[in-house]
**Q** 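Have a look at the structure that comes next, please.
Every chain is numbered from 1 and lettered A, B, ... according to where its sequence line falls, protein lines coming before strand lines. In what follows, every heavy atom counts, from backbone to side chain, and hydrogens, waters and symmetry copies are set aside.
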2 protein chains.
Amino acid sequence: MRESETPESRPYHHGDLRRALVEAACRLLEKEGAQALSLRAVAREAGVSPAAPYHHFKDKSELLDAVAHEGWEKLDLAFQAARDAQTSPPDRVRELGVAYVRFASQHPDLYRVMYDCSRDKADMPAHVHENEESAYRRVREVLISAGADPAGEVGLELATIACWCAAHGLAEMTSFKQFEPLKAALGGEDAFLRGVLAHVGVFAKGL
Amino acid sequence: MRESETPESRPYHHGDLRRALVEAACRLLEKEGAQALSLRAVAREAGVSPAAPYHHFKDKSELLDAVAHEGWEKLDLAFQAARDAQTSPPDRVRELGVAYVRFASQHPDLYRVMYDCSRDKADMPAHVHENEESAYRRVREVLISAGADPAGEVGLELATIACWCAAHGLAEMTSFKQFEPLKAALGGEDAFLRGVLAHVGVFAKGL
DNA sequence: GCACTATCTTAGCGTTGTTCAAATAAGAAA
DNA sequence: TTTCTTATTTGAACAACGCTAAGATAGTGC
């Protein structure tokens with residue numbers, strides 16, 4: 001074998017198989033969908049035996065956790081872009097919601113993996129909830145800058161949660177066939193998303 | 001075999017195996033969770049061979065569809081109760097939402113099957129969206145009785161969808177560990193649900 | 001009685017997640 | 001270098017899964 005197949009210098013056998021597996025999984029997810037994402041298929045895609053992943057992930061679910069983590073980071077990029085757009089604070093709240101749902105709409109299989117992981121552990125992804133740079137905090141901040149009262153701790157928390165709920169719900173429902181005529185009538189999916197989110201108080205007027 | 005094992009008169013071998021399978025699936029769902037719901041396990045629970053279900057459902061997914069249908073009907077019962085409660089129309093909208101989320105919270109595995117079926121087909125369950133007695137229409141009606149303008153077709157539709165999104169999102173997130181201190185501070189899950197839904201315009205003030 | 005059809009079983013295929021002993025490669029110690 | 005040790009990967013195997021096909025069985029209609 002030597003270095004024949006892989007010109008780059010690689011420590012150990014493969015180098016960083018862990019990362020290679022996560023990337024293979026993401027590739028498969030886009031190509032074949034969430035249903036085709038088996039551990040064996042990922043190993044196959046990475047060019048390795050079915051048992052190899054078990055030295056880097058104790059479980060299939062642990063591999064999926066890594067994929068989900070990757071997903072949340074990608075989503076955070078979309079979030080940053082939406083936050084930095086030149087819009088008034090109240091509008092910014094809604095644009096954040098639109099960015100969230102649009103991400104889910106563009107990467108439905110990835111989004112599914114992301115949320116299934118959270119649900120299985122009854123746990124909002126750490127990256128989302130605890131971290132200082134988490135998307136959750138990002139929403140909270142934008143809410144405050146949009147005029148929400150930071151002193152009303154509980155109310156602010158409830159408002160932030162309401163944002164997540166509406167965004168997640170819409171993310172999972174926006175692809176339903178029944179909504180297509182309405183989308184067409186409104187002139188596209190984005191208009192549809194804004195229309196729905198306008199009925200969520202926090203999105204509409206910043207608490 | 002004769003009638004020895006089954007005193008009731010049964011046409012054909014089993015009688016109504018189809019129904020028995022759906023019931024066995026629901027039983028398994030409550031006992032073992034959604035993850036343990038394999039076709040073979042359902043057949044085992046119903047006391048038949050692994051191949052028997054294929055004479056009543058072409059697929060595993062078709063069995064799950066039947067389970068989901070059962071679920072939507074159960075949910076509709078909870079909906080009716082909430083609608084008939086003696087509350088003012090605006091409050092009634094929120095109580096509908098609370099009933100929805102509480103159902104999902106009490107039957108998480110069933111709810112998961114219900115929504116996975118919808119998502120796989122990119123299709124709101126027919127029972128929910130098309131039927132005259134559908135839960136979707138029920139929300140719509142309550143919205144109108146709460147003061148929403150039935151002439152504003154598009155707005156009404158968007159408001160109804162916003163209800164579903166918030167309710168579904170909350171249904172999938174209410175079990176997250178991170179919310180437990182907040183629930184405790186508010187004095188229970190119902191208060192938490194009402195608190196979150198209060199930030200959704202439609203739930204808060206009927207459009 | 002007979003044929004016919006719906007129902008159910010038994011056996012089997014290919015695939016999956018997972019485990020385990022053996023093989024292999026890399027780094028450290030001699 | 002050689003040897004020892006540890007990390008990584010393979011190959012074979014197991015149980016369970018969804019699903020199919022061929023045959024057995026039980027009801028229905030003639």
**Q** Between C:dT19 atom C1' and A:Lys60 atom NZ, what is the distance in whole Å?
**A**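 A:Lys60 atom NZ is separated from C:dT19 atom C1' by 17 Å.
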**Q** Taking the nucleotide of DNA chain C with the closest heavy atom to each, which residue, A:Pro50 or B:Gly47, is nearer the 5' end?
**A**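 Nearest-nucleotide comparison on DNA chain C picks B:Gly47.
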**Q** CZ of A:Phe57 versus P of D:dA7: gap in Å, rounded?
**A**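 Atom CZ in A:Phe57 sits about 18 Å away from atom P in D:dA7.
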**Q** Within the pair B:His56 and C:dA6, is there a side-chain N or O less than 4.0 Å away from OP1 or OP2?
**A**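 Checking C:dA6 against B:His56, no side-chain N or O comes under 4.0 Å of OP1 or OP2.
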**Q** To the nearest angstrom, how far is B:Leu63 atom CG from D:dC19 atom C1'?
**A**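 To the nearest whole Å, that distance equals 14 Å.
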**Q** Under the ring pair (Phe, Tyr, Trp, His ring centres under 6.0 Å) criterion, do A:Phe103 and A:Tyr111 qualify, and how do the steps go?
**A** CA-CA 8 Å; A:Phe103 174 87; A:Tyr111 185 75; 7.2 Å; no
**Q** Output yes when B:Arg83 and B:Glu95 qualify as a salt bridge under the 4.0 Å nitrogen-oxygen rule, no when they do not.
**A**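 The answer is no: the pair does not qualify as a salt bridge.
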**Q** Enter the distance from B:Leu182:CG to A:Ile161:CD1 here, rounded to the nearest 0.5 Å.
**A**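 It is 5.0 Å, given to the nearest 0.5 Å.
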**Q** Can you measure A:Leu37 atom CG to C:dT15 atom C1' for me and round it to whole angstrom units?
**A**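 Roughly 15 Å, once rounded to whole Å.
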**Q** Can you label the angle between the B:Tyr136 ring and the B:Trp164 ring as parallel, tilted or perpendicular, going by 30° and 60°?
**A**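 Correct class here is parallel.
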**Q** Between A:Ala52 and B:Tyr54, which has a closest nucleotide on DNA chain D that is more 5'?
**A**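 The residue mapped nearer the 5' terminus is A:Ala52.
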**Q** Select one nucleotide: of C:dT10, D:dT10, D:dC17, the one nearest the side-chain heavy atoms of A:Ala51.
**A**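 For the A:Ala51 side chain, the nearest candidate turns out to be D:dT10.
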**Q** Just checking B:Arg44: base, sugar-phosphate only, or nothing, at a heavy-atom cut-off of under 4.0 Å?
**A**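 Answer is sugar-phosphate: B:Arg44 comes under 4.0 Å of backbone atoms only.
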**Q** Please give, in whole Å, the distance from D:dG23 P to B:His55 NE2?
**A**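 My rounded result for the distance is 14 Å.
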**Q** Let me know the distance between CG of A:Asp16 and C1' of D:dA7, rounded to the nearest Å.
**A**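 Going from CG in A:Asp16 over to C1' in D:dA7 covers 14 Å.
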**Q** Can you confirm whether more than 12 heavy atoms, excluding those of B:Gln106, are under 6.0 Å from its CD atom?
**A**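 Atom CD in B:Gln106 is crowded, with more than 12 foreign heavy atoms closer than 6.0 Å.
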**Q** Send over the distance from A:Glu62 CD to C:dG17 P, rounded to a whole Å.
**A**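 That distance rounds to 15 Å.
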**Q** For B:Ser38, report the nucleic acid contact type (base, sugar-phosphate, nothing); a contact means any heavy atom under 4.0 Å.
**A**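 Sugar-phosphate: the residue B:Ser38, judged by heavy atoms under 4.0 Å, touches backbone atoms but no base.
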**Q** Give the nucleotide from the list D:dC19, D:dT10, C:dG17 with an atom nearest to the side chain of A:Val48.
**A**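 Side chain of A:Val48 sits closest to D:dT10.
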**Q** Whole angstroms only, please: what is the CG-P distance between B:Leu21 and D:dG18?
**A**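 To the nearest whole Å, that distance equals 13 Å.
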